[in-house]
Every structure is written in structure tokens, then in C-alpha cells.
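Worksheet: one structure, shown below.
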Amino acid sequence: MKHSVLARLRCPVCHSRLALTENEKSCLCQGARIHCFDFSKSGYLNLAGPHGGDGDLKEAINARRLFLNSGYYQPLADAICQKIDFLGVASVLDAGCGEGYYTNRLSEKLDVLGVDLSRNGIDAAAKTAKAQKNGAGFVIASLFSLPVEDASLDLVLNIFAPCAEEEFLRVLKPDGYVLLIGAGERHLFGLKNAIYDNPYLNAGRNDLPQNMCLISKERLHYTVTVVGQEHISALFSMTPYYWRTSESDREKLLGLNELTTELDFDIFLFRKDV
């Protein structure tokens with residue numbers, strides 16, 4: 001984790017600034033009662049407290065990594081990088097970063113902090129950052145109680161994760177941005193068509209920021225053919241349908257070796273106006 005990323009963190013207990021110890025294996029807060037947080041072997045910090053850090057199982061994380069690393073969402077990753085590059089920001093919080101697919105890519109040019117409640121996701125993300133030596137920081141924490149200093153970040157990236165607007169506003173600098181990604185109306189329609197008798201269009205996100213200025217809304221829409229049962233199963237496990245679908249409908253995917261589906265993303269850019 002870059003020192004410039006670490007400098008934006010605060011103690012989840014007393015909200016005092018965190019500082020690296022001499023051996024660089026822990027962080028100590030600067031409050032009246034010192035709180036200590038150790039780095040994991042993979043390099044992340046758990047700032048969620050004793051009851052945080054459950055989330056997705058390793059199997060779900062591994063499936064998502066397999067699918068994302070196969071390039072199906074590469075156009076989305078490219079669009080995000082291009083948008084952030086155009087804005088000219090220097091520091092980014094990936095709120096709900098999961099296994100760090102987007103976070104680690106952004107860290108090539110920026111100071112990036114990834115936050116998620118999933119211990120398995122954060123562990124996988126930190127291992128990738130350590131292998132790449134890219135300096136990205138990863139923390140287990142809730143998006144609704146971010147261990148981040150006030151007004152310390154240029155942009156919050158929020159991809160299919162809950163929008164914690166109040167916390168995002170707190171950690172953003174004046175004129176900072178929220179780049180929020182949601183499912184477009186035809187996102188994964190081919191997948192739904194393969195499972196359900198009467199597939200429906202997506203309604204779109206209902207948790208958009210209410211106290212920020214909408215700068216732009218763009219649509220990214222394209223079609224992919226997912227090849228192989230392993231990749232099809234990995235895609236299905238990434239979706240909310242995985243938990244809502246009956247066993248009989250799930251079995252419809254088992255005989256497929258190819259699945260053609262639309263990928264449809266709504267990309268919102270909001271600005272904090274102060």
C-alpha cells in the first residue's frame with residue numbers, strides 16, 4: 001500500500017489519523033487511546049471491527065476472478081479508466097471493490113484504495129496488488145462507515161455496490177466526483193432468456209445520489225459469447241439471479257457450452273458541489 005494511500009485512512013474506533021509503525025507491519029492511530037491494526041500477510045487492513053469481514057465465499061470470489069480475467073468486461077474497465085483519466089483526478093476510492101479487478105488496474109496511474117466487507121474478496125485483491133507491486137491499498141470496511149479522512153479523495157468509484165451517499169460526500173474533496181455503474185435495462189438479457197420463461201428488462205438503479213449534481217449519464221452496450229460451462233457458471237454466480245432462481249431453472253444452464261448475451265451498463269457521473 002502506497003504511503004499516500006495510507007495517509008488517507010483514519011481509525012475506525014476514534015477517527016484519529018493512522019500512522020505506519022517503524023517495521024511497517026502495523027498501523028497505530030494518533031488518538032488519546034492508541035489503537036493498533038496489523039497488516040495481513042497479503043497486505044490488507046481489517047478496519048471493520050471484530051464482526052466485519054465475512055461476505056462472499058472463496059468459491060464466489062474465484063468464479064468472479066475467472067470470469068473478469070477472461071476479458072468479457074474489458075470494455076467496461078476501459079470506459080472507466082478513460083472517464084477517470086479525462087477527469088484528471090489523482091486519488092480514487094473503489095467502494096465495494098470485491099476482488100479488486102478494477103482497483104488494481106486503476107492503480108497503475110493513481111492512488112487507489114479498495115474497500116469491501118468481503119474478507120475473501122479483499123484478500124484476493126491484496127494478493128494481486130502484492131504480486132503486481134502496484135501500490136493499491138485494500139481495507140475491509142463497510143461503505144456506510146468508511147475508515148477514511150474527511151475531504152481526502154478526488155473520486156469515488158461505485159460499481160454494482162450500494163451507494164452510501166452520505167459517506168461518499170464526507171470523504172470527497174470539494175468538487176469531487178462519484179462515478180457510479182449500474183445495470184442497464186438489457187444487461188444479461190441473454191442469460192435471463194436461457195433461464196426464465198418470461199425474462200424481464202432491468203429497472204435500473206434506485207439508489208442514485210440525491211444531493212449531488214448529475215454531470216452525465218452514458219450507456220455502454222455490447223454483446224458477448226461466453227464460452228465453456230465453467231465461464232457460464234461463473235457469470236451466473238456473479239448475478240443476483242444466482243440466489244433467486246429455482247433449481248429447475250438453474251439446470252437449464254448445465255447443458256450449455258456457449259451463451260450469447262447482452263452486456264448493458266449505465267454509467268453515471270455525479271459531482272459534489274460545495
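Computed from a prediction, not measured in an experiment: that's the story for all the values here.
Glu262 and His187 share no donor-acceptor pair across their side chains, judged by distance under 3.5 Å alone. Side-chain contact check for Gln229 and Ser233: at least one donor-acceptor pair (N or O, by modelled atom type) lies under 3.5 Å. Side-chain atoms of Asn23 and Thr21 form a donor-acceptor pair, as typed in the model, at a separation below 3.5 Å. Between the side chains of Asp78 and Gln82, no donor N or O sits under 3.5 Å from an acceptor N or O.
Here Leu188 contributes atom CG and Leu235 contributes atom CG; the two are 5.5 Å apart, rounded to the nearest 0.5 Å. In this structure, Glu22 CD and Leu28 CG are separated by 10.5 Å, a value rounded to the nearest 0.5 Å. Atom-to-atom distance recorded for Ser40:OG and Lys130:NZ is 7.5 Å, nearest 0.5 angstrom. Atoms CZ and CZ, from Phe160 and Arg205 in turn, are 8.5 Å apart once rounded to the nearest 0.5 Å. With rounding to the nearest 0.5 Å, the separation of CD1 in Ile122 from SG in Cys97 is 3.5 Å. A distance of 14.5 Å separates NE2 of His35 from OG of Ser26, quoted to the nearest 0.5 Å.
Relative ring orientation between Phe265 and Tyr73 is described as perpendicular, the plane-to-plane angle rising above 60° on a 0-90° scale split at 30° and 60°. Relative orientation of the Tyr200 and Tyr196 rings is parallel, given thresholds of 30° and 60° on the angle between their planes.
Nearest heavy-atom pair across Leu220 and Ala79 is CD2-CB, 4.3 Å. Considering every non-hydrogen atom in both Asp264 and Arg219, the closest pair reads OD1-NE, 2.8 Å. The minimum heavy-atom distance between Leu113 and Thr103, with the atom names listed, is C-CG2, 4.3 Å.
The existence of a salt bridge linking Glu99 and Arg64 is confirmed by a sub-4.0 Å separation between a basic side-chain nitrogen and an acidic carboxylate oxygen. In summary, Lys173 and Asp154 engage in a salt bridge, as defined by a charged side-chain N under 4.0 Å from a carboxylate O. Salt-bridge annotation for Lys58 and Asp123: absent, with no side-chain N of the basic residue lying under 4.0 Å from a carboxylate O of the acidic one. At a threshold of 4.0 Å, the pair Arg8-Asp150 does not count as salt-bridged, since none of the basic side-chain nitrogens sits closer than that to a carboxylate oxygen. In summary, Lys272 and Asp175 do not engage in a salt bridge, as defined by a charged side-chain N under 4.0 Å from a carboxylate O.
The one candidate from Asn202, Thr245, Thr261 that meets the side-chain hydrogen bond (donor to acceptor under 3.5 Å, both in side chains) condition with Lys192 is Asn202. Arg271 pairs with exactly one of Pro174, Cys213, Pro209 by the side-chain contact (heavy atoms from CB on, under 4.5 Å) rule, that one being Cys213.
Contact check for Phe138 versus Met1: no side-chain heavy atoms found under the 4.5 Å cut-off. A 4.5 Å side-chain heavy-atom check between Met212 and Leu169 finds at least one atom pair inside the cut-off. Residues Asn104 and Asn134 form a side-chain contact, since some pair of their non-hydrogen atoms from C-beta on lies under 4.5 Å apart. At a threshold of 4.5 Å between non-hydrogen side-chain atoms, the residues Leu201 and Arg186 count as touching. Within the 4.5 Å cutoff, side-chain heavy atoms of Leu106 are placed close to those of Leu157. You'll find the side chain of Leu259 reaches within 4.5 Å of the side chain of Leu191, heavy atoms only. Here the side chains of Leu68 and Met238 are in contact, with some heavy-atom distance below 4.5 Å. Within the 4.5 Å cutoff, the side chain of Ile140 has no heavy atoms near those of the Leu47 side chain.
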### Message
Apply ring pair (Phe, Tyr, Trp, His ring centres under 6.0 Å) to residues Tyr72 and Phe67 and explain how you reach the verdict.
### Response
CA-CA 7 Å; Tyr72 296 107; Phe67 185 83; 4.7 Å; yes

### Message
Walk me through whether Phe268 and Ile181 qualify under side chain to side chain contact (heavy atoms under 4.5 Å, CB included).
### Response
CA-CA 6 Å; Phe268 300 89; Ile181 316 298; over 6 Å; no

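In this structure, Arg105 is not positioned above the aromatic face of Tyr102 in the sense of NZ or CZ being under 6.0 Å from the six-membered ring centre and within 45° of the axis. A cation-pi contact links Arg250 to Tyr242, judged by a cut-off of 6.0 Å to the six-membered ring centre and 45° from its axis.
The environment of CZ in Phe144 is crowded: more than 12 heavy-atom neighbours from other residues, nucleotides or ligands sit within 6.0 Å. The environment of CD1 in Ile215 is crowded: more than 12 heavy-atom neighbours from other residues, nucleotides or ligands sit within 6.0 Å. The number of heavy atoms from other shown groups lying within 6.0 Å of NZ (Lys109) does not exceed 12.
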